[in-house]
2 protein chains.
Amino acid sequence: VIQTIDLTKIYPMGEHHITALNRVTLTFTRGEFAGLVGPSGSGKTTLLNIVGTLDTPTSGQAIVMGTETSALTSLEAARLRRQHIGFIFQTFNLFPVYTVFENVEFPLLLLNLSPAERRQRVMEALDWVGLADRARSRPTQLSGGQSQRVAIARAIVKKPSIVIADEPTANLDAENSYNILDIMLRLNRELSITFLFATHDEKVIRYLRRKITLFDGRVARDELFEQP
Amino acid sequence: VIQTIDLTKIYPMGEHHITALNRVTLTFTRGEFAGLVGPSGSGKTTLLNIVGTLDTPTSGQAIVMGTETSALTSLEAARLRRQHIGFIFQTFNLFPVYTVFENVEFPLLLLNLSPAERRQRVMEALDWVGLADRARSRPTQLSGGQSQRVAIARAIVKKPSIVIADEPTANLDAENSYNILDIMLRLNRELSITFLFATHDEKVIRYLRRKITLFDGRVARDELFEQP
Ligand SMILES: Nc1ncnc2c1ncn2[C@@H]1O[C@H](COP(=O)(O)OP(=O)(O)OP(=O)(O)O)[C@@H](O)[C@H]1O
Ligand SMILES: Nc1ncnc2c1ncn2[C@@H]1O[C@H](COP(=O)(O)OP(=O)(O)OP(=O)(O)O)[C@@H](O)[C@H]1O
Ligand SMILES: [Mg+2]
Ligand SMILES: [Mg+2]
């Protein structure tokens, strides 16, 4: 469902350059529950952005849902994302002018649903993250962890084929973290939604069935784990 | 060095209101290494913002370095902060137009230092957080954890009397987290700098000599720990 071949990303920086990704070759099949770990600056966000079609490689290929992404126009990439990908950003990226409800409803506006159906799904997603009572608030009225939970609800509300989650528990306490991981695991098992995380959180790492360690833009390790 | 008396913060929200802090009474002495823990939305950031003079209470008092903060004009509050407080924000709040070097140099501009002295201190702080080689980069060219480390360097570069750190390790891997905690502990022991954290991170919690648990805007627990 996601494949990268010799994926490389280089940022020019004056006389030097930064090699954020260095010939990364990985394959993810449908229904995986995988995560990228590694030091700060090792390339996790860069890799997630490229397989999420939000960024393009310097060289190499990213193939998502059978489509070679560098061949896409930005309009086609947006359409691929809208249909298949839910993205939780490391910096949340909520719309500050809209309410929590409207932020979470946004991905559903392009599907053929009645307002009542949309409302039911938004409230279900907000229930999952424990924020149904804040539906009318705006992002500036939320704590860090509440904002992160709204970003999570928005990414999973349309139950997309692929959820890309960049450090989704960074600002969450343990109870909220485990609650959200349980919900994500259930979506993964019941609907075969593929989850790809970047994380520093041991609590998340314990849930992963596959753990890929990045170091200096390269794959240093790729391990599989049995989960009960 | 910090004292709160019946500190209360209420946000009006249509027909309801949110009581972010509910009669919080706490005293912090010079040289403490203390942290606030508690669920997402329990009031940690609100309390740090008020004792950091970035926000005012609805009722009750906050007394910082002997000054009752609600009596301050916003100009006087800014002066108190500049002189005595270093702040690490939950959302970093770096200046995107300036370089990493300039961001970290900013708190030093108001002290009587030569450019050479400022440069020496900025590079020392960047060394502490492992980013001396990125001095010329801008925040948009940094990873999440690199941005967080610049925010940390900026808060400690002038070795202020009080450092307020709102989830300073949220986006950091273990090695960077321990490195930064060791540096903060050393500043605390050598210079009696008072540290007040908000955190969900067990790695940080293990370093604290005092752990205050917030729940629903109230102090639920206040515990002291021996540290080797
Ligand atoms: N401007 C505002 N208007 C309304 N409610 C607010 C506003 N700012 C904060 N709140 C609410 O106050 C409560 C406490 O928020 P605070 O940011 O202090 O929590 P926190 O303990 O730092 O949480 P986290 O661990 O998620 O960062 C939350 O319920 C939050 O939604
Ligand atoms: N626009 C850019 N220009 C230059 N360098 C960049 C740019 N964007 C990212 N980088 C660099 O690429 C490297 C990888 O960044 P990336 O954000 O992928 O790291 P990460 O593994 O997600 O780190 P973290 O755990 O801190 O979030 C870092 O060294 C970063 O500074
Ligand atoms: Mg990242
Ligand atoms: Mg907070």
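Chain letters run A, B, ... following the sequence lines, proteins first, then strands; residues in each count from 1.
Put simply, of B:H16, B:R149, B:E175, the one with the most heavy-atom pairs under 4.5 Å next to chain A is B:R149. Among the candidates A:R134, A:K44, A:E202, the residue making the largest number of heavy-atom pairs closer than 4.5 Å to chain B is A:R134.
Counting heavy-atom neighbours within 6.0 Å of B:R118 CZ, excluding the residue itself, gives a total above 12. Surrounding OH of B:Y178 are more than 12 heavy atoms belonging to other residues, nucleotides or ligands, all under 6.0 Å away. Under a cut-off of 6.0 angstrom, the local environment of CZ in A:F225 is crowded, with over 12 non-hydrogen atoms contributed by other residues, nucleotides or ligands. When the shell of 6.0 Å around CZ of A:R23 is examined, it contains 12 or fewer heavy atoms from other residues, nucleotides or ligands. Heavy atoms from other residues, nucleotides or ligands lying under 6.0 Å from CZ of A:R119 number 12 at most. Applying the 6.0 Å contact sphere to CG of A:L75 captures no more than 12 heavy atoms from other residues, nucleotides or ligands.
A:E167 touches chain B through its side chain: at least one heavy atom from C-beta onward sits under 4.5 Å away, while N, CA, C and O do not. Neither the backbone nor the side chain of A:R136 comes within less than 4.5 Å of any heavy atom in chain B.
Put simply, OG on A:S40 and CD on B:Q148 are 8.5 Å apart, with the number rounded to the nearest 0.5 Å. A:N171 CG to B:T199 OG1: the interatomic distance, rounded to the nearest 0.5 Å, is 10.0 Å. In this structure, CD in B:Q141 is found 8.0 Å from CD1 in A:I18, a value given to the nearest 0.5 Å. Rounding to the nearest 0.5 Å gives a distance of 12.0 Å between OG1 of A:T45 and CG of B:L142.
Contact between B:M13 and A:S137 at its shortest, heavy atoms only, is CE-OG, 3.0 Å. Across every non-hydrogen atom of A:G41 and B:S143, the tightest pair is N-OG, 3.7 Å.
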